[in-house]
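Data block below; observations after.
None of the values given here were measured: they were computed from a predicted structure. Below, chain A is the first sequence line, B the second, and so on; all start at residue 1.
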Protein chains: 2
Amino acid sequence: MVKRTSHKQTACPVARPLDAIGDWWSLLIIRDAFDGLRRFGEFQRSLGLAKNILSVRLRNLVEHGILDTVPASDGSAYQEYALTEKGRGLFPLLVALRQWGEDYFFAPGEDHVLLTDRKHGMPVKRLELRAEDGRILKPEDTIISPSPSPSPKG
Amino acid sequence: MVKRTSHKQTACPVARPLDAIGDWWSLLIIRDAFDGLRRFGEFQRSLGLAKNILSVRLRNLVEHGILDTVPASDGSAYQEYALTEKGRGLFPLLVALRQWGEDYFFAPGEDHVLLTDRKHGMPVKRLELRAEDGRILKPEDTIISPSPSPSPKG
DNA sequence: ATTTCTTGGTTGCAAGATAAAACCAGCATC
DNA sequence: GATGCTGGTTTTATCTTGCAACCAAGAAAT
């Protein structure tokens, strides 16, 4: 989005998605979509961003298969924007960002919204990375490996 | 960084961190930092970004307490950039982004690097959000609640 | 059917962010 | 004490972003 030297060529799964969600309006749009917002105007009022920007962002998200335009919902001839399966796949990322934000961007005792288990109203657990055997992994416990398998293509 | 209407006022923990890591270079710098890179030149060669941009980004990350400048390491009079505790707190976010990237930005069979458990060399488990009682939570199973407690401040 | 309002979106232009390159300082090497 | 490498800063050109104004298609009112 913001770059011309595309990241699509790297073998790093961290870098590639950045063309799709590399600007953070997109992430806020997706957050709002998870919160149930669907209409152009809803996003615009919620985020307070310029309409042209929202227009471009929505189009980009649709092109990347994160949002989908669906015909209607309340009968009006307008379209709505709904998360695709790919878009819903961003849920853990949003949660991770949310938990990090809670940890480091709020004064102790400062009010903030909280993600809770709808069934019991309790706050959700923290995300934690685990090994196959169930051990919690810290950054130092992990390493990047070149490739899952040589994948002989010839 | 990219915005002037600061997100610092919202009560949403998703929005606030965006001033700190809201530009996408920062996330790649942090990824590289998790991979052990520490020197200005290392980041620059790894990312291929302009030196002035790197300079600004590193300074911003330091100001936000995500990186820390430490005096040396190999004796040279230069400084290095090391992740702080706050910076290391971004690990789940990076992992979430990585897993999403793996899921949706690589053709089946296409090679990509893999995050593995250093101890056994096995790929790590997927991140999953759980309720207090251990149930796996999907987006629809959660809801945003206004505030943990009224927190009487008077 | 004509005005009017809302929704969704496009088009300019000014401001800000980015990139490439030149430049510079400190240290090492020769 | 010239040359070259590392780690930046400054300069300049370009590209993107955001605001504001405008516009088209419904929907609603008259």
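For the OP1/OP2 pair of C/dA19 and a distance below 4.0 Å, the side-chain nitrogens and oxygens of B/W25 include at least one atom meeting the criterion. Look at A/Y78 and you won't find any side-chain N or O under 4.0 angstrom from OP1 or OP2 of D/dA24. Put simply, B/R39 has no side-chain N or O that comes within less than 4.0 Å of OP1 or OP2 on D/dT6. Residue B/R59 places at least one side-chain N or O closer than 4.0 Å to OP1 or OP2 of D/dT9. At least one side-chain nitrogen or oxygen of A/S55 sits closer than 4.0 Å to the OP1 or OP2 atom of C/dT10. Distances shorter than 4.0 Å separate some side-chain N or O of B/Q79 from OP1 or OP2 on D/dG8.
Distance, B/L47 CG to C/dA20 P: 13 Å, rounded to whole Å. Rounded to an integer number of Å, the gap from NZ of A/K51 to P of C/dT6 is 12 Å. One atom, CG of A/L54, and another, P of C/dT11, lie 16 Å apart when rounded to the nearest Å. Taking atom CG of A/L49 as the reference point, atom P of D/dT16 lies 18 Å away to the nearest angstrom. Atom CZ of A/F40 and atom C1' of D/dA24 are 14 Å apart (whole Å). When the C1' atom of C/dG8 is taken as reference, atom CD of A/E42 falls 13 Å away, rounded to whole Å. For the pair B/R45 CZ and D/dC5 P, the interatomic distance rounds to 12 Å; values are reported in whole Å. Separating the CD atom of A/Q44 from the P atom of D/dA20 is a distance of 12 Å, rounded to the nearest angstrom.
Between A/F40 and A/E80, every side-chain heavy-atom pair lies at or beyond the 4.5 Å cut-off.
At the heavy-atom level, B/Y81 lies under 4.0 Å from the strands shown only through sugar-phosphate atoms.
The closest donor-acceptor contact from the side chain of A/K125 to the backbone of B/D133 lies at 3.5 Å or more, if one exists at all. No donor-acceptor distance shorter than 3.5 angstrom exists from the side chain of B/T116 to the backbone of B/M122, with no hydrogens or angles considered.
For the pair A/R39 and A/Y81, the NZ or CZ position fails the cation-pi test of under 6.0 Å to the six-membered ring centre and within 45 degrees of the ring normal.
In this structure, the nucleotide among D/dT10, C/dG12, C/dA17 sitting nearest to the side chain of B/N52 is D/dT10.
Under a 4.0 Å N-O distance rule, the pair A/R57/A/D23 qualifies as a salt bridge.
The base of C/dA17 lies outside donor-acceptor range of the side chain of B/D23, with no N or O pair under 3.5 Å.
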